[in-house]
Amino acid sequence: MITGKPLYTVEQIQQRVKEMAGQISKDYEGEELLSVGILRGSFMFFSDIVKLIRVPMNIDFLIASSYVKTHSTGKIKLHADIREDIKGRHVLLIEDIVDTGLTLAYIREMLLARKPASLKICTFLDKKSRREVDVPLDYVGFEIPNKYVVGYGLDCENKFRNLPYIVVFKKSS
Ligand code: IMP
Ligand code: MG
């Protein structure tokens with residue numbers, strides 16, 4: 001069940017994405033970037049933010065999952081890897097939400113082993129109070145309370161990803 005008003009409206013999201021893209025463009029000035037989206041959740045955020053980042057860029061994606069319904073299984077499954085060779089390149093990982101941190105910690109270790117010139121993490125949402133492992137987050141859109149949210153790419157059982165805003169989801173039982 002979707003509850004009440006959006007936690008973040010389309011306008012609030014667009015404003016924040018613009019600010020984040022501005023910061024990233026400044027930080028990577030003079031460099032070339034490889035933006036890696038973590039699917040499926042990040043697809044909407046990814047496409048919004050890359051449009052506003054003003055540095056030369058390549059893009060790639062990987063597919064990972066750890067959630068069943070509204071709970072993290074703690075076990076990360078890599079369904080598809082990136083295709084680019086990242087050795088010596090500046091990589092920016094783009095994620096929808098960081099919760100326990102297990103997914104990103106796993107992906108980060110895997111990519112760092114391939115020796116990129118740098119690896120930074122950009123996440124739209126941060127559920128910091130739920131963190132189980134430490135992951136350094138370089139760009140965070142919004143820090144949110146411990147609530148399950150959907151929309152703007154985020155799902156519950158692969159539904160609601162197409163909502164253009166973020167809203168709290170409650171189990172109807
Ligand atoms: P972590 O490994 O616990 O940090 O989980 C990260 C992944 O779980 C995210 O990439 C999301 O796909 C999913 N996730 C965590 N919290 C939520 C939520 O509130 N709504 C939808 N998906 C979530
Ligand atoms: Mg995700």
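Ligands are counted one by one from 1 in listed order, and the atoms in each one are counted from 1 as well. All residue numbers in this chain count up from 1 along the given sequence. Both backbone and side-chain heavy atoms feed into the values below; hydrogens, waters and symmetry mates do not. Bear in mind that the values here come from a model prediction, so they are computed numbers and not experimental data.
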Non-hydrogen atom of [X] closer than 4.0 Å to ligand 1:
X      : value
Val150 : no
Gly101 : yes
Arg130 : no

Considering the heavy atoms of [X], write down every atom of ligand 1 situated less than 4.0 Å from one of them.
X      : value
Lys127 : 16 (N), 17 (C), 18 (C), 19 (O)
Thr103 : 1 (P), 2 (O), 5 (O), 6 (C)
Lys147 : 19 (O)
Asp155 : 21 (C)
Glu95  : 10 (O)
Leu154 : 20 (N), 21 (C), 22 (N)
Leu102 : 2 (O), 4 (O)

task = May I ask you to decide if the ring planes of Phe124 and Tyr8 are parallel, tilted or perpendicular, using 30° and 60° as cut-offs?
result =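 Geometry flag for Tyr8 against Phe124: perpendicular rings.
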
inquiry  = Does the plane of the ring in His90 sit parallel, tilted or perpendicular to the ring in Tyr28? Use 30° and 60° as the thresholds.
reply    =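 Ring orientation, 0 to 90° scale: perpendicular.
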
Measuring only between side-chain heavy atoms, which start at C-beta, is [X] closer than 4.5 Å to [Y]?
X      : Y      : value
Tyr139 : Asp27  : yes
Arg108 : Ile121 : yes
Lys128 : Leu137 : no

task = Decide salt bridge (charged side-chain N to carboxylate O under 4.0 Å, His left out) for Glu29 and Lys26; before the verdict, give the C-alpha distance in whole Å, the side-chain angles of both, and the deciding distance to 0.1 Å.
result = CA-CA 5 Å; Glu29 203 182 335; Lys26 222 184 256 172; over 6 Å; no

ask   = In chain order, what residues pass the salt bridge (Lys or Arg N to Asp or Glu O under 4.0 Å) check against Lys51, with sequence neighbours excluded?
value =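 Lys51 satisfies salt bridge (Lys or Arg N to Asp or Glu O under 4.0 Å) with Asp48 only.
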
ask   = Of the listed options (Val98, Leu39, Asp96, Ile38), which comes nearest to atom 10 (O) of ligand 1 when hydrogens are ignored and any heavy atom counts?
value =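 Result: the heavy atom closest to atom 10 (O) of ligand 1 is in Asp96.
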
request  = Could you check which of Ile97, Ile144, Leu104 puts a non-hydrogen atom nearest to atom 23 (C) of ligand 1?
outcome  =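 Selected option, by shortest heavy-atom distance: Ile97.
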
inquiry  = Geometry only, no angles: is Ile76 polar-contacting ligand 1 at N/O separations under 3.5 Å?
reply    =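 By distance alone, the answer is no.
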
message = Tell me the closest heavy-atom pair linking Gly41 and Asp96, and the distance in Å.
response =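 In this case the closest contact between Gly41 and Asp96 is CA-OD2, 3.1 Å.
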
key: salt bridge (charged side-chain N to carboxylate O under 4.0 Å, His left out) between Asp60 and Arg89, intermediate numbers included   = CA-CA 13 Å; Asp60 206 343; Arg89 298 170 73 180; over 6 Å; no

